[in-house]
Amino acid sequence: MRTNRAIRTSGGLSLRLDVRATLVVGLILLAALTASVVLIGTGDFPIPAGDVLKTLLGNGNAGQEFIINELRLPRVLVGLLVGASLGLGGALFQAISRNPLGSPDVLGLSQGATAGALTMIVLFSGSATQVTLGALVGGLVTGFAIYLLAWKQGVHGYRLVLVGIGVSAIVTAVNGYLLTRSTLTEAAQAVVWMTGSLSGRDWTQVWPLLWLCAVLVPLVLANGRGLRMMEMGDDVSNALGVRVERVRLLLLVAAVLLTAAATAAAGPVSFVALTAPQLARRLTRSPGPNLVPSLCMGATLLVTADWVSQKVFGADQLPVGVVTGVLGGVYLLWLLVTERRAGRI
């Protein structure tokens, strides 16, 4: 039995609060903050957690302030923002498609962003900024193509997934062709980017992601009720006053922007968008898209994976995308077995 609490304000507003989901979100946020502090202190020059907190509050020495504020804090913030963006984007895609496999990794958006980045690297020898813009444009173009191809008197779940898988296969072939056109240096740069890494991230990657999340996250949450209604079917949602296609298109655009921006900032970090919403749903045991828990879970997963990669293999020895790929692959196999036993696939 679920425990819900109604909160009413003096202005007449009311809010129903899911106690378990709220507690889970609080614990996930605590885990994310703890992992972030530990990650900031990890590296060739270890810093105790207490000194990390003192420095973040402005009470550290000059050396610690440089290492933390200029070198490590931007990397951790990019990890948190990328993970949150992927977690929220994955929750949106899975809710819209009504399919636990409906994530940017499966639908081809990550591959589309990779194609944009490879185009800038191989064909134009682009700078880091140009590669980032190329990834953003590639993700947006791929998302737009999937939406158009999946449209038939509306966009429905399985059609979206099937079209996305087809587009993903085509774009993956294009990426392979681009790699064959590259020089040895360009291929090495491209492979590192395609793996997904937080190495070398600085404040120039933090601010665009932060502004994008500041705009899109409130917009998505404001349409969360409509998204939850849509899980009952388009006819029921329309009867309840939800403008289904408008809400679906708005949230798809938001999900594509979040995924493309995250991929542009850190490369195609795999499986976070697939895994975070499912883990959040199982922890909260709550119906609906679980947008806020998925966002928090994505951030926690990515910074924890980055800490694991640094702790086990040393700083910059193993890109974070490898860790998330291994863990996500195991989770995907478990999910497929579970869905098959339940008779859903």
Side-chain angles (χ1 to χ4, degrees), residues 1-9 13-33 35 80 83-104 106 157 160-161 213 216-234 236-237 240-242 244 247-248 250-252 254-255 258-259 271-302 304 327-328 331-332 334-336 338-339 341-345:
M1 182 178 294
R2 302 199 59 76
T3 303
N4 295 296
R5 179 170 297 176
I7 300 175
R8 293 180 175 85
T9 66
L13 297 176
S14 64
L15 175 67
R16 178 169 292 182
L17 187 66
D18 188 322
V19 176
R20 180 186 176 89
T22 304
L23 179 61
V24 167
V25 168
L27 292 175
I28 295 174
L29 284 175
L30 180 61
L33 293 175
L80 289 171
S85 299
L86 292 175
L88 183 56
L92 290 172
F93 277 116
Q94 290 178 20
I96 292 171
S97 65
R98 303 177 202 167
N99 191 319
L101 297 178
S103 80
V106 178
L160 184 69
V161 173
C213 289
L216 292 182
V217 171
L219 179 65
V220 169
L221 296 181
N223 288 275
R225 180 181 177 276
L227 181 62
R228 186 166 184 171
M229 294 295 178
M230 286 164 54
E231 293 189 340
M232 296 186 292
D234 291 359
V236 175
S237 301
L240 293 173
V242 178
V244 174
V247 172
R248 183 181 286 130
L250 178 65
L251 293 180
L252 275 174
L258 287 167
T259 304
F271 287 113
V272 173
L274 173 69
T275 308
Q278 293 299 313
L279 291 178
R281 183 187 292 268
R282 282 163 172 75
L283 288 175
T284 62
R285 298 179 186 172
S286 176
N290 285 282
L291 298 177
V292 175
S294 299
L295 180 152
C296 299
M297 179 61 73
T300 304
L301 285 176
L302 195 53
T304 303
L327 298 178
Y331 174 79
L332 178 59
W334 175 84
L335 180 62
L336 290 172
T338 302
E339 292 290 305
R341 287 178 177 174
R344 289 188 285 267
I345 59 174

- Message: Within this structure, what is the SG-CG distance for the pair Cys296 and Leu27, rounded to the nearest 0.5 Å?
- Response: 11.0 Å
- Smallest heavy-atom separation, Gly87 atom then Pro277 atom, equals O-CG, 3.7 Å
- Query: Under a 4.5 Å cut-off applied to non-hydrogen side-chain atoms, are Leu291 and Leu92 in contact?
  - Reply: yes
- Which atom pair, heavy atoms only, marks the closest approach of Pro289 to Ala95? CB-CB, 3.9 Å
- Enter the distance from Leu283:CG to Arg285:CZ here, rounded to the nearest 0.5 Å. 9.0 Å
- Thr300 (side chain) donor-acceptor with Ile28 (main chain) under 3.5 angstrom: yes
- Query: Side chains of Leu251 and Val220: closer than 4.5 Å at any heavy-atom pair?
  - Reply: yes
- Sequence neighbours excluded, which residues qualify as side chain to side chain donor-acceptor pair (under 3.5 Å) partners of Gln94? Gln278
- Message: Measuring only between side-chain heavy atoms, which start at C-beta, is Met297 closer than 4.5 Å to Asn290?
- Response: no
- Using a 4.5 Å cut-off on heavy atoms from C-beta on, say whether the side chain of Thr275 contacts that of Leu327. no
- Message: When you compare the side chain of Phe93 with that of Thr259, does any pair of heavy atoms fall below 4.5 Å?
- Response: yes
- Message: Ignoring hydrogens, what is the shortest heavy-atom contact between Leu258 and Gly89? Give both atom names and the distance.
- Response: CD1-N, 4.3 Å
- Over all heavy atoms of both residues, which pair between Ala254 and Leu216 is shortest? Give the atoms and the distance, please. O-CD1, 3.9 Å
- Task: Would you mind reporting whether Leu88 and Ser294 have side-chain heavy atoms less than 4.5 Å apart?
- Result: no
